[in-house]
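The basis for the numbers below is simple: all heavy atoms, side chains too, and nothing from hydrogens, waters or symmetry mates.
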Amino acid sequence: CMAGIAALQLNRRSRSRSRNSRHHATTTTTTQPNPSSQERYDNNDHADADDAITRISDSLFRYSWDGISFRRRTWSGNWDHSRLQLADTDVVQSNYYKESSEHRCIQHGIALVFWSMLANKKDNNNNDETGNGNNSNTSNDISTNNIIRSQQSLIAKQFLNEYWNGKRWSTIGRSQGSGTTFRPSASSGTIARTDQTTTEDDDAPLYFRAVDQAVAIVACLHHIELLDNTMATSEGGHGEEEEERERFDTIIRMTCRDLLDEKDGFGYNNLSTSRTYLGLNRNRNFWHEGWVMLALTLARDYVWPMDAQEGHLRILWDGLMERYTTKPTTTTTTTTTADTIMGKGDVDDVDDVDSTIWHYRLSEKDVQSNVRYCGDNALAFAIRRNLQCRHQSTIEGEFGTNKVDDGNTDDNDDDDDAAFWKFIDMLRSGNEEGSGGGGDDGGNAYHLASVADLYPQVRLHPNTELAALLVWPP
């Protein structure tokens, strides 16, 4: 899904650039390449991307969707997984790659994001996104669009049915018993339940995770965007869409309040006492709290419509930076430096220690016992980008919409982004061909990123997360 999201965003931006280029070619007096030839080239390039994105959705729905939700991991039969079956397998963290029929809220949520974006794109294409006055959609295109629309509607419906209990979102699907303290989700994804009819009405207390609430907010926002686009571009009454929009709007507000509630919820109104789990005692980490930050940033108009940037969000972000970096912040009252958290070793042994994101709180695990994940740092990059958007004004220029800095952007964000790219380069440079970091062939020619600074293995998930979070959201 993350790969599909990245491809959709890149394809959208490519189409926008092509459209602006054609507009520029028609308004300049200098000699330009044959517009019709360039347009044919662009259309072929976009068609190839569209085909690739459709293959991703087809494959996911064929192999992972089971009629209720998405299986956590499914083997298509196209790859050799025999090494994972060995008792003494040499695959690092092999449980993360074994088949699992478990239903997970975050995976279903990200799938809803992908299908909502894909349906929106298909709708825009139906409305002749190229603006050339000719709708070239074939009957096959229309059939594909209808399939995507139908799948998206089913995924949205089942998202509520399986994971929303009227108050908050469960980690595991309700048809599989939700998440209880007797059967918490494991890395292997093994469903520890007695039978298929087990429900959340068992005596075992339920547990909930902040990250599930956060991803659900993001998914619901994308579904609302699709509903809004549908009502704006189609004729006739929209009673059902308006009713559904109101329901999702209410759920977003309820979930945001639950994340912030210090008494009965996750308590992110006060980061020092907030919790990533309710019902289980688990360590906090940046991946969980980063998604909370991103969700509240995207849903800021639902929570703090009059003071979304300079108040609560900036305080929360600075608090996270104090927990997971050694960089001084502007709104926190204490300063943690590299010297105070290094523990064993020398500060100079760790590159850019002040700016990169550590997975665990540095006051609990010093950098010698900690880890910096690719996904955590990509998530922080996306958060900074969306916080900066609040400090930009939108203007309509000759070649489309542009973002202009209003002068209030935090200058430190540029330094943080530079440190981020240096860190990603480090993860990729260790996997050059012949370095031994890319697999059995001794490397990879595409310089893909490894999982983390402590885990040199090249895997799919850090690279798809990285690709998506570089360009999404918004």
Side-chain angles (χ1 to χ4, degrees), residues 1-16 45-65 69-79 81 93 96-97 99-100 104-122 125 144 147-148 151-152 155 159 189 211 215 218-219 222-223 225-226 287 290-291 294 373-382 385 420 424 427-428 431 438-439 444-452 455 457-474:
C1 288
M2 283 296 205
I5 289 170
L8 282 168
Q9 288 290 84
L10 291 173
N11 197 24
R12 179 182 64 83
R13 294 184 180 190
S14 176
R15 287 178 182 273
S16 178
D45 195 34
H46 296 149
D48 290 342
D50 288 343
D51 289 343
I53 294 167
T54 301
R55 284 198 301 273
I56 291 175
S57 65
D58 287 345
S59 177
L60 282 169
F61 210 80
R62 179 183 304 120
Y63 293 114
S64 296
W65 180 259
S69 185
F70 290 91
R71 300 181 185 95
R72 186 174 184 181
R73 285 184 294 272
T74 304
W75 293 351
S76 65
N78 297 324
W79 305 94
H81 297 98
Q93 296 180 316
Y96 285 98
Y97 311 105
E99 269 196 306
S100 169
R104 302 264 289 183
C105 180
I106 55 172
Q107 290 174 299
H108 196 128
I110 290 297
L112 179 55
V113 170
F114 172 50
W115 257 269
S116 298
M117 292 174 64
L118 183 56
N120 242 333
K121 175 184 178 300
K122 296 294 185 181
N125 286 350
T144 300
I147 291 173
I148 293 297
Q151 291 174 347
Q152 191 279 339
I155 291 167
F159 191 44
V211 67
V215 171
V218 177
H222 276 275
H223 183 61
E225 182 180 355
L226 177 61
W287 190 76
W291 275 106
L294 182 60
Y373 284 101
C374 178
D376 285 345
N377 281 274
L379 182 56
F381 180 84
R385 184 178 68 249
F420 163 75
I424 295 301
L427 295 183
R428 297 175 69 238
N431 302 308
N444 68 86
Y446 296 100
H447 298 183
L448 298 176
S450 60
V451 176
Y455 303 111
Q457 299 80 20
V458 175
R459 296 291 184 260
L460 177 65
H461 63 86
N463 288 282
T464 54
E465 281 182 324
L466 175 62
L469 291 169
L470 288 179
V471 293
W472 168 88

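Atoms CZ and OG, on Arg72 and Ser64 in that order, are 13.0 Å from each other to the nearest 0.5 Å. A distance of 12.0 Å separates CD1 of Ile5 from CG of Leu10, quoted to the nearest 0.5 Å. In this structure, the separation between CD1 on Ile53 and CG on Asp58 is 12.0 Å, given to the nearest 0.5 Å. Atoms CG and CD, on Leu460 and Glu465 in that order, are 9.5 Å from each other to the nearest 0.5 Å. For the atom pair CZ of Arg73 and CZ of Arg104, the computed distance is 8.5 Å after rounding to the nearest 0.5 Å. Between the CG atom of Leu60 and the CD1 atom of Ile155 there is a distance of 9.0 Å, given to the nearest 0.5 Å.
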Side chain to side chain contact (heavy atoms under 4.5 Å, CB included) between Asn120 and Leu8, intermediate numbers included: CA-CA 10 Å; Asn120 242 333; Leu8 282 168; over 6 Å; no
Intermediate values then yes/no, side chain to side chain contact (heavy atoms under 4.5 Å, CB included), Cys105 and Phe159: CA-CA 8 Å; Cys105 180; Phe159 191 44; 4.0 Å; yes
Lys121 and Ile148: CA distance, side-chain angles, deciding distance, side chain to side chain contact (heavy atoms under 4.5 Å, CB included) verdict: CA-CA 10 Å; Lys121 175 184 178 300; Ile148 293 297; over 6 Å; no
Side chain to side chain contact (heavy atoms under 4.5 Å, CB included) between Met2 and Trp472, intermediate numbers included: CA-CA 10 Å; Met2 283 296 205; Trp472 168 88; 4.2 Å; yes
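In terms of heavy-atom proximity, Val215 sits nearest to Ile106 at CG1-O, 3.7 Å. Closest heavy-atom contact between Cys1 and Ile110: CB-CG2, 3.5 Å. Between Gly109 and Ala219, the closest heavy-atom pair is O-CB, 3.4 Å. In plain terms, the two heavy atoms of Tyr63 and Arg71 that are nearest each other are O-NH1, 2.9 Å. In this structure, Ala3 and Thr464 approach most closely via the heavy-atom pair CB-CG2, 3.8 Å. Shown here for Val471 and Arg385, the closest heavy-atom pair between the two residues is C-NH2, 3.8 Å.
Exactly one residue among His222, Gln152, His223 makes a side chain to side chain contact (heavy atoms under 4.5 Å, CB included) with Trp115. That residue is Gln152. Here the rule is side chain to side chain contact (heavy atoms under 4.5 Å, CB included) with Cys374, and of Leu427, Leu379, Leu469 only Leu427 fits it.
Using the six-membered ring where Trp is involved, Tyr373 and Tyr455 have ring planes that are parallel, under 30° apart on the 30 and 60° scheme. Ring pair Phe420/Phe381 is parallel by interplanar angle, where below 30° counts as parallel and above 60° as perpendicular. Using a 30° and 60° split on the angle between ring planes, Trp287 and Trp291 fall in the perpendicular class, above 60°.
Using a 4.5 Å cut-off on side-chain heavy atoms (C-beta onward), Ile56 and Phe114 make contact.
Side-chain N/O atoms of Glu99 and Trp75 include no donor and acceptor closer than 3.5 Å.
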